[in-house]
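Just so you know, these numbers use all the heavy atoms, side chains as well, and skip hydrogens, waters and symmetry mates.
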Amino acid sequence: MNIRFYDTLSAILRPYYGLLWPSRVTGAENIPETGGFILCANHVHWRDCLFLAVRLNKRRYTYLAKAELYKNPVARLILGDKGLGGIPVSRGESDLGAIRRALKTISDGEGLGIFPQGTRSRDNSPTPMLNGASMIAVRANVPIIPVYLDGPYRLFRHVDVTVGKPVEIADLGRKYDSATLTEVTRRIETAIWSMSKAEK
C-alpha cells in the first residue's frame with residue numbers, strides 16, 4: 001500500500017462522496033484502535049472499498065478484489081501496490097497466494113477488507129456469502145468486524161454505514177473443516193444482514 005496515495009485519495013473523495021452520497025456512520029467505535037482485524041461488508045458497487053475508506057477513516061484497509069479488475073490499467077493503478085495495495089484473488093479456485101498475502105496483512109497489524117458475497121448485489125438484496133472470509137478469519141484469529149452499507153448508490157441519497165460488534169467465533173476452535181467454516185460464514189452473514197433489518 002502506498003500510504004500517501006491512500007490518504008490523498010481519501011481526502012479528495014471525502015467532499016465529493018459527502019455531496020453525492022451523504023452518510024451517517026454508526027458504530028465506528030467497534031473498529032479496533034490497533035492490531036490486525038478483518039472488515040466484512042456487504043457488496044453493492046465497485047466503489048464500496050473507496051467509500052468505506054472515506055467513511056471509516058479511523059484505520060486503513062487492504063482489500064481482497066477479483067483478479068479481473070487488475071486487467072484494467074486504471075483500476076490496477078488505483079488498486080495495485082503503488083495505490084491502495086489491494087490483493088487480487090482468482091475466483092473459482094483455491095488462491096493460496098492471495099490467502100498468504102491476506103494473512104500477512106493481518107499479522108502486520110493492518111485491517112483486511114473482504115466482501116464475503118464474492119460479487120456485487122446491485123439492488124442490495126441479500127445474497128449467499130462464501131466461505132473464503134471464514135477460512136482467513138479462523139486462521140488469523142483476529143476480530144471480525146461486520147459492516148452494513150445501506151445502498152444502492154443513488155445521487156444525493158443517503159448511503160449509511162453501520163459497524164457492528166465483533167463476530168464471536170472463539171467457541172468454534174481453530175478447525176478448518178467445512179462445518180466450522182460454514183458456521184463462521186453464517187454468523188458473519190447474520191451479523192451483516194441483521195443491521196439491515198435494524199435500520200428499517
(message) Tell me whether the rings of Phe51 and Trp21 are parallel (<30°), tilted (30 to 60°) or perpendicular (>60°).
(response)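 Ring orientation, 0 to 90° scale: perpendicular.
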(request) Could you give me the CA-CA distance, side-chain angles and deciding distance for Lys58 and Glu33, then say whether salt bridge (Lys or Arg N to Asp or Glu O under 4.0 Å) is met? (result) CA-CA 8 Å; Lys58 179 179 180 179; Glu33 296 281 351; 3.5 Å; yes
Name each donor-acceptor pair under 3.5 Å that joins a side chain in residues 77-85 to protein atoms two or more places apart or in another chain, with its distance.
from	atom 1	to	atom 2	distance (Å)
Asp81	OD1	Arg101	NH2	3.3

(request) Go through the steps for Thr162 and Asp150 under the test side-chain contact (heavy atoms from CB on, under 4.5 Å), then give the verdict. (result) CA-CA 8 Å; Thr162 305; Asp150 186 26; over 6 Å; no
What's the shortest heavy-atom distance between [X] and [Y], and which atoms?
| X | Y | result |
| --- | --- | --- |
| Pro146 | Lys165 | CD-O, 3.2 Å |
| Val44 | Leu149 | CG2-O, 4.3 Å |
| His43 | Gln117 | N-OE1, 2.6 Å |
| Ile188 | Cys40 | CG2-CB, 3.9 Å |
| Trp193 | Thr127 | CZ2-N, 3.9 Å |
| Val89 | Ala98 | CG2-CB, 3.9 Å |

(message) I want to check a possible cation-pi pair here: Arg139 against Tyr176, using under 6.0 Å from ring centre and within 45° of the ring axis as the test.
(response)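 Output yes; distance and angle both within limits.
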(message) Under the criterion side-chain hydrogen bond (donor to acceptor under 3.5 Å, both in side chains), I'd like the reasoning laid out for Tyr6 against Asn57: C-alpha separation, chi angles, the key distance, then a yes or no.
(response) CA-CA 11 Å; Tyr6 186 108; Asn57 59 358; over 6 Å; no
I'd like to check [X] versus [Y] (side-chain heavy atoms, cut-off strictly below 4.5 Å). Are they in contact?
| X | Y | value |
| --- | --- | --- |
| Ile192 | Met129 | yes |
| Leu130 | Pro116 | no |
| Tyr17 | Val159 | no |
| Arg59 | Pro32 | yes |
| Arg122 | Pro152 | no |
| Thr26 | Asp160 | no |
| Leu52 | Phe115 | yes |
| Phe37 | Ile144 | no |

Distance in Å, [X] [atom1] paired with [Y] [atom2], rounded so as to fall on 0.5 Å steps:
| X | Y | atom1 | atom2 | answer |
| --- | --- | --- | --- | --- |
| Ile114 | Ile136 | CD1 | CD1 | 4.0 Å |
| Glu183 | Ser178 | CD | OG | 11.5 Å |
| Glu168 | Arg187 | CD | CZ | 8.5 Å |
| Asn42 | Ser125 | CG | OG | 10.5 Å |

Side-chain ([X]) to main-chain ([Y]) donor-acceptor, under 3.5 angstrom:
| X | Y | result |
| --- | --- | --- |
| Asp108 | Glu110 | no |
| Asn131 | Ser134 | no |
| Ser107 | Lys104 | yes |

Check: [X]/[Y] side-chain N/O donor and acceptor closer than 3.5 Å:
| X | Y | answer |
| --- | --- | --- |
| Thr180 | Asp177 | yes |
| Tyr148 | Asn124 | yes |
| Thr182 | Arg186 | no |

(message) Could you go through Thr62 and Ile87, starting from their C-alpha distance and side-chain angles, then the distance that decides it, and tell me whether this counts as side-chain contact (heavy atoms from CB on, under 4.5 Å)?
(response) CA-CA 7 Å; Thr62 297; Ile87 301 173; 3.9 Å; yes
(message) Could you walk me through whether Ile145 and Ile38 satisfy the side-chain contact (heavy atoms from CB on, under 4.5 Å) test, starting with their C-alpha distance in whole Å, then the side-chain angles of each, then the deciding distance to 0.1 Å, before giving a yes or no?
(response) CA-CA 6 Å; Ile145 309 299; Ile38 300 172; over 6 Å; no
(request) Say whether Ile12 and Val54 are linked into one hydrophobic cluster, either directly or through other cluster members, by side-chain heavy-atom distances under 4.5 angstrom. (result)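 No, it is not one cluster - the side chains of Ile12 and Val54 are not joined through contacts under 4.5 Å.
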(message) Just checking Arg174: does its CZ atom have more than 12 heavy atoms from other residues, nucleotides or ligands closer to it than 6.0 angstrom?
(response)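 Enclosed.
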(message) Evaluate Arg60 against Asp7 for salt bridge (Lys or Arg N to Asp or Glu O under 4.0 Å), listing each step before the verdict.
(response) CA-CA 9 Å; Arg60 300 184 186 93; Asp7 291 347; 2.8 Å; yes
(request) Take Leu56 and Tyr61 through the test side-chain contact (heavy atoms from CB on, under 4.5 Å) and record every step on the way to the result. (result) CA-CA 9 Å; Leu56 303 179; Tyr61 314 98; 3.4 Å; yes
